[in-house]
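Hydrogens, waters and symmetry mates are skipped; everything else that's a heavy atom, side chains included, is used.
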Number of protein chains: 2
Amino acid sequence: MRILVVDDDAQIIRAMRINMRARGYDVDTAFDGASALQAAAKHPPDVVLLDLGLPDMEGGEVIEGLRAWTSVPIIVLSARHSASEKVRSLDAGADDYVTKPFGMDELMARIRAAQRRSMHVEEAPVVTTAAFTVDLGAKRVTRGDEEVRLTPTEWHILEVLARNAGRLISQRQLLHEVWGPNYQSETNYLRVYMAQLRRKLEPDPAHPLYLITEAGMGYRFEKG
Amino acid sequence: MRILVVDDDAQIIRAMRINMRARGYDVDTAFDGASALQAAAKHPPDVVLLDLGLPDMEGGEVIEGLRAWTSVPIIVLSARHSASEKVRSLDAGADDYVTKPFGMDELMARIRAAQRRSMHVEEAPVVTTAAFTVDLGAKRVTRGDEEVRLTPTEWHILEVLARNAGRLISQRQLLHEVWGPNYQSETNYLRVYMAQLRRKLEPDPAHPLYLITEAGMGYRFEKG
DNA sequence: GTTGATCTTGTAGCCATCGTGAAGGAAAGC
DNA sequence: GCTTTCCTTCACGATGGCTACAAGATCAAC
């Protein structure tokens with residue numbers, strides 16, 4: 001479960017991070033609206049905790065920016081008790097509005113409630129090519145009618161490439177994302193796994209149409 | 001839009017009725033838990049406003065009584081500010097918790113937010129396969145003509161998987177949902193319970209058709 | 001044509017994960 | 001208080017994914 005904490009106060013961010021971690025959430029953080037939207041796009045969170053009063057954007061703008069493409073639960077945290085502010089945030093698309101100061105237990109309960117509701121609504125981005133289909137929500141790959149079984153590492157690589165379809169992903173980027181920060185030079189792992197993916201997905205693995213190697217630079221997922 | 005107001009104070013009921021009417025809602029009312037459950041069953045509302053401190057039942061009981069068969073948004077109204085009370089209500093299945101006194105504008109905004117969320121929750125209350133049927137509303141599983149008895153934990157796991165039929169659910173997700181946030185690494189629980197579920201549901205438990213393991217990734221409920 | 005870099009493919013051992021049966025102990029129901 | 005059900009925990013064997021290395025293939029540059 002990934003949670004995105006947006007607040008311009010570094011202390012609060014730190015406190016939140018520790019608390020959430022201890023309760024088993026993965027935590028992303030952002031200091032302002034722009035980076036919040038960016039972070040959410042890069043790693044779609046399961047819950048967003050949004051502080052009002054960010055330096056660069058109105059709270060309502062951030063909510064709308066998220067709601068434009070995702071229905072992730074948004075819980076607004078704010079020191080302002082004014083009713084009009086609450087109404088504005090909730091009507092903009094927030095799911096809940098908690099006034100500071102608040103108890104961590106209550107916040108966690110509200111997060112659980114928000115999550116429980118959104119459990120069943122998740123959207124399913126799907127990337128399709130002429131040869132196969134990658135369902136990122138269901139974590140499933142089908143080729144024609146048959147399901148293709150991928151190992152965790154294979155899936156992880158394919159997921160990163162498919163989410164960035166058309167873009168070039170450097171080898172370092174891939175290694176960092178899949179194997180972690182300590183594997184930035186093991187480029188032959190990539191060669192091994194790209195070969196396996198091609199064998200499972202490409203019509204002619206020797207002449208790939210979709211999983212393209214850019215020699216010396218990285219790999220690219222080509223849709224058509 | 002039908003709204004059910006549950007409160008033991010006749011004055012509040014009257015005030016609510018007038019306010020809600022003015023905003024275009026149909027209003028049902030109930031003075032205690034028993035009649036609230038009855039009223040909800042008779043005319044399923046789109047939102048429930050539930051006062052705590054009813055004469056006949058604990059708030060949590062009312063929430064559970066509703067949640068047993070409906071996912072209608074429940075907003076708790078209470079004079080108690082205690083965090084533990086909030087946590088209990090929210091974890092019992094309430095969607096929001098508003099402390100008295102509250103502004104009518106805020107309440108209306110929260111009602112709108114709760115409604116908006118429940119809008120796109122289109123439930124498929126029954127999931128059917130060739131071998132068995134899972135009735136998510138009635139919490140029953142039948143295999144052929146016979147009912148299959150599941151333990152609470154077994155049911156909880158099956159419920160999560162069935163609600164997300166076709167999707168892959170990671171071990172962490174399942175553990176978090178069923179055992180809570182502190183059990184994210186006890187993957188052997190899952191193995192034990194998946195084996196039990198397969199024994200009870202699969203035609204050939206050694207070669208499952210419906211409760212599929214995706215090694216290293218998670219589990220998937222396959223309908224066909 | 002040769003050389004060297006880069007990529008593909010194959011192979012083998014180690015180890016993580018999975019399925020399963022069984023048993024101790026807690027909780028619930030009578 | 002007793003019985004039954006359910007949850008937790010452990011041990012074992014088996015499967016198969018990951019790592020690592022090496023040999024063959026391709027390509028570009030000279």
Of the candidates C:dG19, C:dT8, C:dT20, the side chain of B:Arg198 sits closest to C:dG19
What nucleic acid atoms does B:Tyr219 come within less than 4.0 Å of, heavy atoms only: base, sugar-phosphate, or nothing?
sugar-phosphate
Taking the basic N atoms (NZ, or NE/NH1/NH2) and the acidic carboxylate oxygens, is any pair closer than 4.0 Å for A:Arg149 and B:Glu214?
yes
So, does B:Thr187 get its side chain near the phosphate of C:dT17, meaning an N or O under 4.0 Å from OP1 or OP2?
no
Rounded distance (Å) that lies between atom P of C:dA5 and atom CZ of A:Arg191:
13 Å
Can you check the B:Glu154 CD to D:dC7 P distance for me, whole Å?
7 Å
In whole angstrom, give the distance that lies between atom CH2 of A:Trp155 and atom P of D:dG17.
16 Å
For B:Trp179, which contact category applies under a 4.0 Å heavy-atom criterion: base, sugar-phosphate, or nothing?
sugar-phosphate
For residues B:His81 and B:Tyr97, establish whether the separation of their ring centroids is below 6.0 Å.
no
Integer-rounded Å distance: D:dT5 P and B:Arg149 CZ
8 Å
Between A:Glu214 and A:Arg199, just flag the one whose closest nucleotide in DNA chain C comes earlier from the 5' side.
A:Glu214
In whole angstroms, the gap separating C1' of C:dG21 from CE of B:Met194 amounts to 18 Å
Using whole Å, what does the distance between atom C1' of nucleotide C:dC18 and atom CG of B:Leu211 come to?
15 Å
What residue among B:Leu150, B:Val148, B:Leu136 forms side chain to side chain contact (heavy atoms under 4.5 Å, CB included) with B:Leu158?
B:Leu150
Taking the side chain of B:Pro152 as heavy atoms from C-beta outward, which of C:dT9, C:dT20, D:dC6 is closest to it?
D:dC6
Could you work out which one of D:dC21, C:dC7, D:dC10 sits closest to the side chain of A:Thr213?
C:dC7
Does A:Tyr193 place a side-chain N or O at less than 4.0 Å from the phosphate oxygens OP1/OP2 of D:dC18?
yes
Can you tell me if CZ on B:Arg67 sees more than 12 non-hydrogen neighbours from other groups inside 6.0 Å?
yes
Salt-bridge criterion met for B:Lys86 and A:Asp105 (N-O under 4.0 Å):
no
Taking any heavy-atom pair under 4.0 Å as a contact, classify B:Gln171: base, sugar-phosphate, or nothing.
sugar-phosphate
How close or far is atom C1' of D:dG17 from atom NE2 of A:His156, stated in whole angstroms?
16 Å
With nearest nucleotides of DNA chain D determined for B:Leu150 and B:Ala215 from heavy-atom distances, which residue corresponds to the more 5′ nucleotide?
B:Leu150
Would you indicate, yes or no, if D:dG17 has its OP1 or OP2 atom less than 4.0 angstrom from a side-chain nitrogen or oxygen of A:Thr153?
no
Spacing of B:Met217 atom CE relative to D:dC18 atom C1', expressed in whole Å
15 Å
